[in-house]
Asks: 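Here's a structure for you.
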Amino acid sequence: MSTLSEAYEDLPLDLQHIKPVDFASLQAVPDSHVWHDSSFGACSDEHENSLVPVIDLEDSNATELIGQACETLGVFQLKNHGIPLSLIEEVESEAARFFALSARQKLKALRSPGGATGYGIARITPFFSKYMWHEGFTIMGSPVDHVKELWPHDHERFCDVMEDYQKKMKVLAERLTRLIFKSLNISDEEISWLSSTSNDSGSTSSVSAALQLNSYPPCPEPNQTMGLAPHTDTFLLTILHQTQTNGLQIFKDGVGWLPVPPVEGALVVNMGDLFHILTNARFTNVLHRVVVSGTQQRLSTAYFYGPPIDFILSPFSKVLNSAQAPHYRSVAVKEYVAIKAQNLEKALSFIRA
């Protein structure tokens, strides 16, 4: 059984596409980070308030509401999700502690060229001519190997908090995925991979999951740069906690960029490419970006969730009507991860049926 971490070993990056700059030392935006885009920070004038629905997971109509949101926007905000506020605050506190370290110290946890975890800039960086005003730390399971380099005698708390958060996020992601499949009338038998249980051979199926800590430092010229360039997420869904600093935006055809403002106590859930494939393009794999602030650091924590890396996926027959053919061929998760890592926004075109 392959792992998500192993999938990225075959997709090494150059050091220039891994190592962040020392943002704290910059008094102006260097040319390497200047984006010539007049739309930065601009959202549609028609929608001063976000169109992104806020859904209560305990609502009796939650399944239907979530299904509608997946089809129309590909994103929603989730309340009463079951993740303790105290744990979310601990994750935010530990992330802030990490990003507050000096640039020299953080580089001790730098992601290796063929690695999937550790400190670095966004993996989408090579597809753009300019760098982003962002630094991140990727975790899959225990982060101990990296953080013990930072805090040789004080890393247990960071590790415990991140591992606990991943476990609870996995439970929530599985619950949401079941609800979403239920909205499509997909039975549990058709999604047997969803629970990590042993099969007849005794091996254990492991879902693909990763936790990404993001920091967007205050920028001296926020209208000159981009926090995170427009992209869609690779896996089934992403569950995001964001601090109370605006920055996340989604794109809607015919409308433009829409804000996804922080809602106290809520988590942002967005659909990724794999749900788009499984539903034969019925669900929107939402295009999103992050703009930066001139005065405030923005932190976010993204949990990416998908099927086991060896799982073969194709559009469900139940989402195809008699007159509709599959838009996409069958593809293994590992193969699609590689296609996306090498082609980004063109990835889906490589698997069109």
Asks: Side chains of Asp233 and Asn270: any donor to acceptor distance under 3.5 Å?
Replies: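 Yes - a donor-acceptor pair under 3.5 Å links their side chains.
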Asks: Between Ser215 and Gln297, is a side chain to side chain donor-acceptor pair (under 3.5 Å) present by the stated rule, with each step listed?
Replies: CA-CA 7 Å; Ser215 170; Gln297 178 189 35; 2.9 Å; yes
Asks: Do His276 and Thr284 come within less than 4.5 Å of each other through their side chains, counting heavy atoms only?
Replies: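 Contact flag for His276/Thr284 side chains = no.
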Asks: Could you tell me whether the side chains of Gln212 and Asn214 share a donor-acceptor contact shorter than 3.5 Å?
Replies: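 Short answer, yes.
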Asks: Quiz question: by atom type and distance under 3.5 Å, do the side chains of Glu92 and His241 form a donor-acceptor pair?
Replies: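 Note: Glu92 and His241 side chains meet the donor-acceptor criterion.
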Asks: Do we see a donor-acceptor contact under 3.5 Å between the side chains of Thr234 and Asp273?
Replies: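 The criterion, which ignores hydrogens and geometry beyond distance, is not satisfied for Asp273 and Thr234.
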Asks: Can you tell me if His231 uses its side chain to pair, donor with acceptor, with the backbone of Ile124 under 3.5 Å?
Replies: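 Answer holds: no.
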Asks: Closest approach of Leu150 and Lys106, non-hydrogen atoms and distance?
Replies: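 In this case the closest contact between Leu150 and Lys106 is CD2-CA, 4.2 Å.
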Asks: Are any of the side-chain heavy atoms of Ile66 and Ser183 separated by less than 4.5 Å?
Replies: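 When only atoms from C-beta onward are counted, Ser183 and Ile66 do not touch, as no gap falls below 4.5 Å.
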Asks: Under the criterion salt bridge (charged side-chain N to carboxylate O under 4.0 Å, His left out), I'd like the reasoning laid out for Lys170 against Glu174: C-alpha separation, chi angles, the key distance, then a yes or no.
Replies: CA-CA 6 Å; Lys170 181 173 180 287; Glu174 288 180 351; 2.8 Å; yes
Asks: Do Trp133 and Leu26 have side chains that approach each other closer than 4.5 Å (heavy atoms only, starting at C-beta)?
Replies: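 Yes. Closest side-chain heavy atoms under 4.5 Å.
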Asks: Considering only residues two or more places apart or on different chains, which pairs with a residue in residues 13-35 satisfy salt bridge (charged side-chain N to carboxylate O under 4.0 Å, His left out)?
Replies: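 As it turns out, the salt bridge (charged side-chain N to carboxylate O under 4.0 Å, His left out) pairs with a partner in residues 13-35, which skip direct neighbours, are Asp31-Lys130.
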Asks: In the single-linkage hydrophobic clustering (I, L, V, M, F, W, Y; side-chain heavy atoms under 4.5 Å), do Ile121 and Phe99 co-cluster?
Replies: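 Each belongs to a different hydrophobic cluster.
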Asks: Report the C-alpha distance between Lys334 and Glu6 in whole Å, list the side-chain angles of each, state the deciding distance to 0.1 Å, and finish with yes or no for side-chain contact (heavy atoms from CB on, under 4.5 Å).
Replies: CA-CA 9 Å; Lys334 183 177 182 179; Glu6 290 170 349; 5.8 Å; no
Asks: Are Thr125 and Met132 packed together at the side-chain level, in the sense that at least one heavy-atom pair is separated by less than 4.5 angstrom?
Replies: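 Thr125 reaches Met132 side chain to side chain.
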Asks: Do the non-hydrogen side-chain atoms of Ile239 and Leu172 ever get within less than 4.5 Å of each other?
Replies: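 Yes. Closest side-chain heavy atoms under 4.5 Å.
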Asks: How are the rings of Phe128 and Trp35 set to each other: parallel, tilted or perpendicular (split at 30° and 60°)?
Replies: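 Phe128 and Trp35: tilted rings.
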Asks: Hey, can you tell me if Phe98 and Tyr119 have their rings parallel, tilted or perpendicular (30° and 60° cut-offs)?
Replies: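 Geometry flag for Tyr119 against Phe98: perpendicular rings.
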Asks: What heavy-atom pair brings Glu149 and Lys108 nearest, and what distance separates the two atoms?
Replies: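 Smallest interatomic distance, heavy atoms only, reads O-CD, 3.6 Å.
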Asks: Distance to the ring centre below 6.0 angstrom and angle to the axis at most 45 degrees; does that hold for Arg97 and Trp151?
Replies: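 Positive - Arg97 is close enough to the ring of Trp151 and near enough to its axis.
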Asks: How close do Ile139 and Gly141 get, heavy atom to heavy atom, and via which atoms?
Replies: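 Smallest heavy-atom distance, with atoms named: CG2-O, 3.3 Å.
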Asks: For Asp56, what residues pass the side chain to side chain contact (heavy atoms under 4.5 Å, CB included) criterion, not counting sequence neighbours?
Replies: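 Result, side chain to side chain contact (heavy atoms under 4.5 Å, CB included) vs Asp56: Glu58, Asp59, Asn80.
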Asks: Quick one: which of Glu90, His146, Glu94 gives a side-chain contact (heavy atoms from CB on, under 4.5 Å) with Phe158?
Replies: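 So, applying the side-chain contact (heavy atoms from CB on, under 4.5 Å) to Phe158 and each of Glu90, His146, Glu94, only Glu94 qualifies.
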Asks: Is the side chain of Glu71 donor-acceptor paired with the backbone N or O of Gln68 at a distance under 3.5 Å, no angle test?
Replies: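 Looks like no, no N/O pair under 3.5 Å.
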Asks: Just by distance, do the side chain of Asp164 and the backbone of Asp160 share a donor-acceptor pair under 3.5 Å?
Replies: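 No; zero donor-acceptor contacts below 3.5 Å.
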Asks: Knowing that exactly one of Val75, Thr238, Leu237 qualifies, which makes a side-chain contact (heavy atoms from CB on, under 4.5 Å) with Met271?
Replies: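 Output: one option passes, namely Leu237.
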Asks: Less than 4.0 Å between a side-chain N and a carboxylate O, is that true for Lys148 and Glu156?
Replies: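 No, Glu156 and Lys148 are not salt-bridged.
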